[in-house]
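The first residue of the sequence shown is numbered 1, and numbering continues consecutively from there. Ligands are counted one by one from 1 in listed order, and the atoms in each one are counted from 1 as well.
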Amino acid sequence: MRNLKNTISVTFFALILACLSPVFSGYAQAQAPVPDSPAIESQAQALLAKLTLEQKIELIGGVDNMYTRPMQVIGLPRFKMSDASVGVRTWGPTTAYAGGVALAATWDTEFSRKLGEALGKDSRARNVNFLLGPGGNIARSPIGGRNFEYLSEDPYLNSTLVVPFIEGVQSQGVIATVKHYALNNQEFNRHNASSDVDERTLREIYLPAFEAAVVKGHVDSVMNSYNLINGVHATQNEFLNNKVLKGEWGFNGVLMSDWDATYDAVAAANNGLDLEMPSPKFMNAKNLVPAVKSGSVKESTIDDKVLRLLRTELRYGFTSRPQFDSADSTFSLANRAVALQGALESITLLKNEGKLLPLDPAKIKTIAIIGPDAWPAVPGGGGSSEATPFESVSTVTGIANFLGPNVHVLYSRGLPEIVDVFRRTQWEGGVKVESFPSNDFTGTPATGTRRNIADWKPNEWAPADPTPRSIRYTASFKAASAGKYLLIAGASGEDGFKILVDGKQVLDQVRAEGSVPRYTSIDLTAGQTANLQADYLPRAAGSRFGFGFIYEPELVSADAKQFASLADVVVLAIGFNAPTEGEGHDRTFTLPFGQDALVEAIAAANPHTIVTLTGGGAMDTRRWLSKVPALLHTWYPGQEGGTAVAEVLFGKHNAEGKLPISLDTDWESSPSQPYYYGTPGADTPLHTIGENGKPLDYTVPHIKYGDKLMVGYRYWTTTGKHPLFPFGFGLSYTTFGFANLQAPAKAASGSTVPVSFDVTNTGSVAGVEVAELYVSDPSTKATRPERELKGFEKVQLAPGETKHLALNLDARAFSYWDETAKKWTIDPGKFVILVGDSSENTPLHADVMLN
Ligand code: BGC
């Protein structure tokens with residue numbers, strides 16, 4: 001009775017508020033878009049009818065970097081955009097979440113919705129109409145520079161997570177933008193490289209997340225990628241944009257370009273692009289009015305683009321309500337809790353020898369927290385997704401807060417900062433600098449001498465500079481002692497360099513492949529002089545280059561070794577960060593310089609060394625993995641990462657993350673490795689007209705996706721080989737059992753097949769398990785991967801508790817794309833349902849005959 005009374009009074013209060021709301025200026029309740037309707041259609045048509053051709057063309061290009069164009073004659077204001085999936089980051093500090101690959105590691109669809117809602121609220125609190133996320137691309141290769149912004153290596157997992165995310169964002173009255181359509185699976189040469197793929201691979205691996213976003217998630221905006229697909233830029237790709245996206249999937253929203261990813265006005269206009277961002281360099285009146293007059297672009301094509309924009313904006317009510325929602329906060333404690341939940345759910349426990357974890361806080365008097373990623377916090381990777389949190393919790397502060405004042409916390413970075421290596425290198429007589437007015441070290445150089453070269457400002461965005469420049473540095477380094485010296489060099493991801501020591505090339509960066517410093521080890525005798533020549537080709541506007549030597553025995557700081565030996569336990573936080581992994585360049589598979597040596601030195605000083613990895617995926621752990629008892633992948637955990645790490649290490653939160661990607665042992669055995677870079681000899685010339693109307697010629701490297709369907713675990717399970725840790729794997733502080741798989745022995749092809757099974761917590765603490773369901777098609781006529789993920793469910797279980805889970809498999813779960821028939825096809829015959837806790841551990845099997 002009391003409850004009912006409360007409900008009535010709350011409802012009454014809400015009603016009064018709702019009635020009063022119009023009098024509060026700037027007040028707007030979160031409002032999901034209304035569906036398209038004849039009324040919306042006629043409103044959009046009426047607005048269109050008031051526009052001249054020039055005005056229509058004006059509307060299909062952005063303005064001020066992050067807005068759609070306003071149009072006074074129809075009373076249309078400009079609408080605001082923001083990046084993106086890990087935080088609404090464009091307009092100042094924000095909540096930084098565990099997004100992208102970390103979201104995928106949660107395998108939690110409800111959390112994905114919650115994250116989408118939180119981002120929607122963060123957007124409304126900043127007047128943002130378009131959120132430029134989520135990313136839906138496949139993590140094809142561990143070195144792909146933007147994997148951390150995307151989701152997983154599996155199309156089913158991506159599709160399943162992207163839909164509630166989009167629904168969450170859009171439920172708040174904010175347009176979600178799924179990106180980057182399509183095949184942005186590498187960052188090197190991202191404007192010029194062509195991802196060349198056969199249609200079956202495209203349909204089965206690379207498109208499903210976009211298809212689900214459109215067909216199931218009803219996403220209202222899609223962003224084309226920078227790259228070409230089968231030789232044609234995404235923004236002018238008739239097959240992808242008109243045939244598949246707008247035709248087959250019935251996409252009715254806005255297809256926008258990535259920023260400066262438009263390369264041809266007429267081709268883009270005719271092949272599906274609706275909105276050129278951030279400004280109309282190509283789709284402008286100068287180019288398109290004559291094209292319409294000459295008939296090479298139909299006016300109805302322009303009208304369709306304008307109608308898509310107007311229809312979508314009207315459906316969201318952007319013209320009739322303020323986008324600011326006073327129910328939302330710019331600094332939101334509620335969303336801070338969402339950030340913590342994502343971090344907690346995503347941390348993935350990979351190794352826990354001798355049950356070292358969870359740690360008992362009562363047994364710890366001194367803890368050493370060491371490593372470049374221990375402090376400051378590393379909430380996300382670099383580039384346009386990088387969100388600046390109001391406040392973020394590092395591993396050091398998270399653990400210290402958790403343990404309280406009675407435990408000694410000792411911190412050391414453990415390694416020097418790279419610029420310190422560059423600055424401290426003693427060159428004999430300085431470095432000679434020759435700056436040539438050409439791209440090939442020809443012409444008369446300006447010369448000078450500098451003490452050292454330490455211009456590496458890693459986390460700075462600078463546009464490419466077309467002025468021809470090449471710089472040659474020559475210097476001599478005299479070894480004080482005998483032994484190994486690390487030579488380190490770093491440049492902007494877009495720049496190129498080559499370093500020779502005593503005439504022999506020892507380091508290079510040739511394909512915009514990474515601003516992770518490159519390094520190599522060189523043996524020198526005491527007093528030996530190494531003569532160095534560094535040829536540097538700056539592309540970014542500033543010169544961002546540095547190089548130097550460090551004596552390897554002096555790499556790891558004495559403090560770090562001392563602290564490790566004194567402590568009861570060590571947490572060693574290593575991996576990548578925003579400067580070393582981010583948009584615009586790929587990253588290395590090897591860890592940034594010195595980190596392997598750091599783990600070896602610390603593990604030797606303290607056997608209770610727990611390593612935490614930060615990064616978008618697999619990295620090289622071969623030198624030291626067997627020497628440490630515990631390993632966790634923390635991905636990019638967002639602003640609450642340090643708190644989450646502490647709660648997982650000390651068992652306040654049981655580890656529950658599962659790998660959304662296979663962790664390859666080494667880059668050489670990674671399935672995409674042989675096909676990752678442009679196929680030699682396959683480059684093609686591309687002739688186009690630049691934004692200034694002048695002819696533009698460039699070379700297109702063709703990346704032939706020869707790995708086809710064999711991405712990640714599809715490759716490993718089909719070949720019977722094993723990665724370091726398999727897709728879907730993740731330990732818990734408890735154990736789980738699977739039993740009682742039930743599936744019909746026979747079913748009709750195309751019907752929904754019900755499958756059910758039991759999951760039991762067989763351990764002594766509460767925990768969360770992800771039950772993974774794979775389908776195998778042994779009687780197929782086509783070549784298919786040995787197994788494919790087709791269902792999963794996350795379940796919370798008390799010790800000893802069993803839950804019976806039921807999943808339904810639709811026709812797509814059994815189908816492959818038949819290239820000849822050009823449709824999804826099921827070969828009748830035997831299918832095997834496999835259930836377990838990773839792609840390599842599926843204890844339950846059942847056969848289903850489809851006729
Ligand atoms: C990125 C997009 C981003 C856009 C706007 C581009 O560099 O590729 O993902 O949405 O910038 O910041």
Next on the checklist: Which of the numbered atoms in ligand 1 are under 4.0 angstrom from any heavy atom belonging to Y226?
Outcome noted: 6 (C), 7 (O), 8 (O)
Item to check | Which of the ligand 1 atoms, numbered from 1, are nearer than 4.0 Å to a heavy atom of K179 | outcome: 2 (C), 3 (C), 9 (O), 10 (O)
Next on the checklist: Using a 4.0 Å cut-off to any heavy atom of M223, which atoms of ligand 1 qualify?
Outcome noted: 10 (O)
Item to check | Numbered atoms of ligand 1 (with element) below 4.0 Å of R146, judged on heavy atoms | outcome: 1 (C), 2 (C), 8 (O), 9 (O)
Checklist outcome for this item: Looking only at non-hydrogen atoms, the one of T177, D258, L132 nearest atom 11 (O) of ligand 1 is D258
Checklist entry - Which of parallel (below 30°), tilted (30 to 60°) and perpendicular (above 60°) describes H633 and W635? => result parallel
Checklist outcome for this item: For R190, the ligand 1 atoms with a heavy-atom partner under 4.0 Å come out as 7 (O), 8 (O)
Item to check | Atoms in ligand 1 with a heavy atom of H180 nearer than 4.0 Å | outcome: 2 (C), 8 (O), 9 (O)
Item to check | Verdict with reasoning, Y226 to E187, per side-chain contact (heavy atoms from CB on, under 4.5 Å) | outcome: CA-CA 9 Å; Y226 285 113; E187 283 296 280; over 6 Å; no
Checklist entry - Which atoms of ligand 1 sit under 4.0 Å from any heavy atom of M66? => result 5 (C), 12 (O)
Next on the checklist: Is the terminal nitrogen or CZ of R587 (NZ for Lys, CZ for Arg) located under 6.0 angstrom from the six-membered ring centre of F576 and within 45° of that ring's axis?
Outcome noted: yes
Checklist entry - Got a salt bridge between R78 and D64, using NZ or NE/NH1/NH2 to carboxylate O under 4.0 Å? => result yes
Next on the checklist: Side chains of R146 and E149, heavy atoms from C-beta outward: is any pair under 4.5 Å?
Outcome noted: yes
Checklist entry - Is any N or O atom of W259, backbone or side chain, closer than 3.5 Å to an N or O atom of ligand 1? => result no
Next on the checklist: Ring of W249, cation from K243 - is the NZ or CZ under 6.0 Å from the centre and inside 45° of the axis?
Outcome noted: no
Next on the checklist: Can you see whether Y705 has R140 sitting over its ring - NZ or CZ less than 6.0 Å from the centre and within 45° of the normal?
Outcome noted: yes
